[in-house]
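The residues of the chain are indexed from 1 along the displayed sequence. Small disclaimer: the values here were computed from a predicted structure and weren't measured.
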Amino acid sequence: MVIAFTGHRKLNEEVARKKLEDYLYNTLFMQVVNKKIKNIQFIVGGALGFDQLAFDIVSEAQETFAIGNTDSFNISTEIAIPFKRQPSRWSEEQQTKYNSQLLKANKITYVDTLERYRDRNVPVGMGSYLKLQLRNCYMVDKLTEENDLLIAWFSGSKGGTKNCIDYAKKQGKKILNLFEK
């Protein structure tokens with residue numbers, strides 16, 4: 001099972017954390033405990049806000065489930081980074097958190113290095129708005145199985161999260177918007 005996350009950079013972190021933890025622990029991870037799911041790959045975009053919150057929660061769960069795991073299930077994390085210089089305009093504190101998450105991730109993908117997701121008008125590693133959307137497309141395109149899911153924190157406003165959700169809908173992917181729950 002693959003679960004990707006998309007959401008706003010600005011959010012009430014306490015409310016978002018509670019809703020995401022409730023879903024992950026009370027619904028999804030119960031399926032792991034009950035042996036209905038053996039493998040979960042989580043993909044986050046590495047952006048500020050919901051992406052980093054989702055990574056923190058999943059990383060905490062990954063550590064918790066690793067303790068005493070003899071049932072051969074696997075929880076893995078991937079950070080899909082639109083371009084290497086993504087955090088270059090962030091504060092030192094934000095960059096420190098980001099770098100800490102990179103160290104914890106099982107996989108890091110620099111999406112603009114992948115042929116299918118390149119912005120041909122901007123050098124690899126440098127930023128563009130198109131690269132942000134191409135990163136979203138990459139994450140949605142990884143949702144290939146019937147049970148795969150895009151978990152969103154979407155208020156309805158225009159922007160990258162809306163673009164990601166619109167693309168996912170167009171591709172027929174399952175979407176769970178926790179903002180509305």
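Lys173 contributes atom NZ, which lies 11.5 Å from atom SG of Cys164 (distance to the nearest 0.5 angstrom). Atom CG in Asp119 sits 10.5 Å away from atom CZ in Phe83 (nearest 0.5 Å). Here the straight-line distance linking atom CD of Gln95 with atom OG of Ser100 works out to 13.5 Å at 0.5 Å rounding. Taking CZ of Phe50 as the reference point, atom CD1 of Ile151 lies at 7.0 Å (rounded to 0.5 Å). Annotation: the span from Met1 atom CE to Asn74 atom CG amounts to 14.5 Å, rounded to 0.5 Å.
Of the charged side-chain nitrogens involved, none lies within less than 4.0 Å of a carboxylate oxygen, so that Asp166 and Lys170 do not count as a salt-bridged pair. Between Glu60 and Arg17 there is a salt bridge, since a side-chain N of the basic residue sits under 4.0 Å from a carboxylate O of the acidic one. In this structure, Glu115 pairs ionically with Arg118, as a charged nitrogen and a carboxylate oxygen lie closer than 4.0 Å.
Legend: salt bridge (Lys or Arg N to Asp or Glu O under 4.0 Å) pairs involving residues 124-140, not counting sequence neighbours, sorted by first then second residue: Asp112-Lys131.
In this structure the side chain of Asp148 never reaches within 4.5 angstrom of the side chain of Ile3, judged on heavy atoms. Under the 4.5 Å side-chain criterion, counting only non-hydrogen atoms from C-beta, Leu149 is not in contact with Leu143. Contact check for Tyr110 versus Thr113: side-chain heavy atoms found under the 4.5 Å cut-off. Side-chain contact between Lys107 and Thr77: absent, with no pair of heavy atoms (C-beta onward) separated by less than 4.5 Å. Using a 4.5 Å heavy-atom threshold, the side chains of Asn177 and Glu180 count as touching. Looking at Asp51 and Arg9, their side chains never come closer than 4.5 Å, going by heavy atoms from C-beta outward.
No donor-acceptor distance shorter than 3.5 angstrom exists from the side chain of Glu21 to the backbone of Lys18, with no hydrogens or angles considered. Under a 3.5 Å cut-off, the side chain of Gln101 and the backbone N or O of Gln52 do form a donor-acceptor pair.
Hydrophobic clustering, defined by side-chain heavy atoms of Ile, Leu, Val, Met, Phe, Trp and Tyr closer than 4.5 Å, groups Val122 together with Met126.
Every residue two or more places apart in sequence or in another chain that forms a ring-ring contact (aromatic ring centres under 6.0 Å, His included) with Phe179 is listed here: Trp153.
Of the residues Glu78, Gln62, Gln41, the one that meets the side chain to side chain donor-acceptor pair (under 3.5 Å) test with Asn106 is Gln62.
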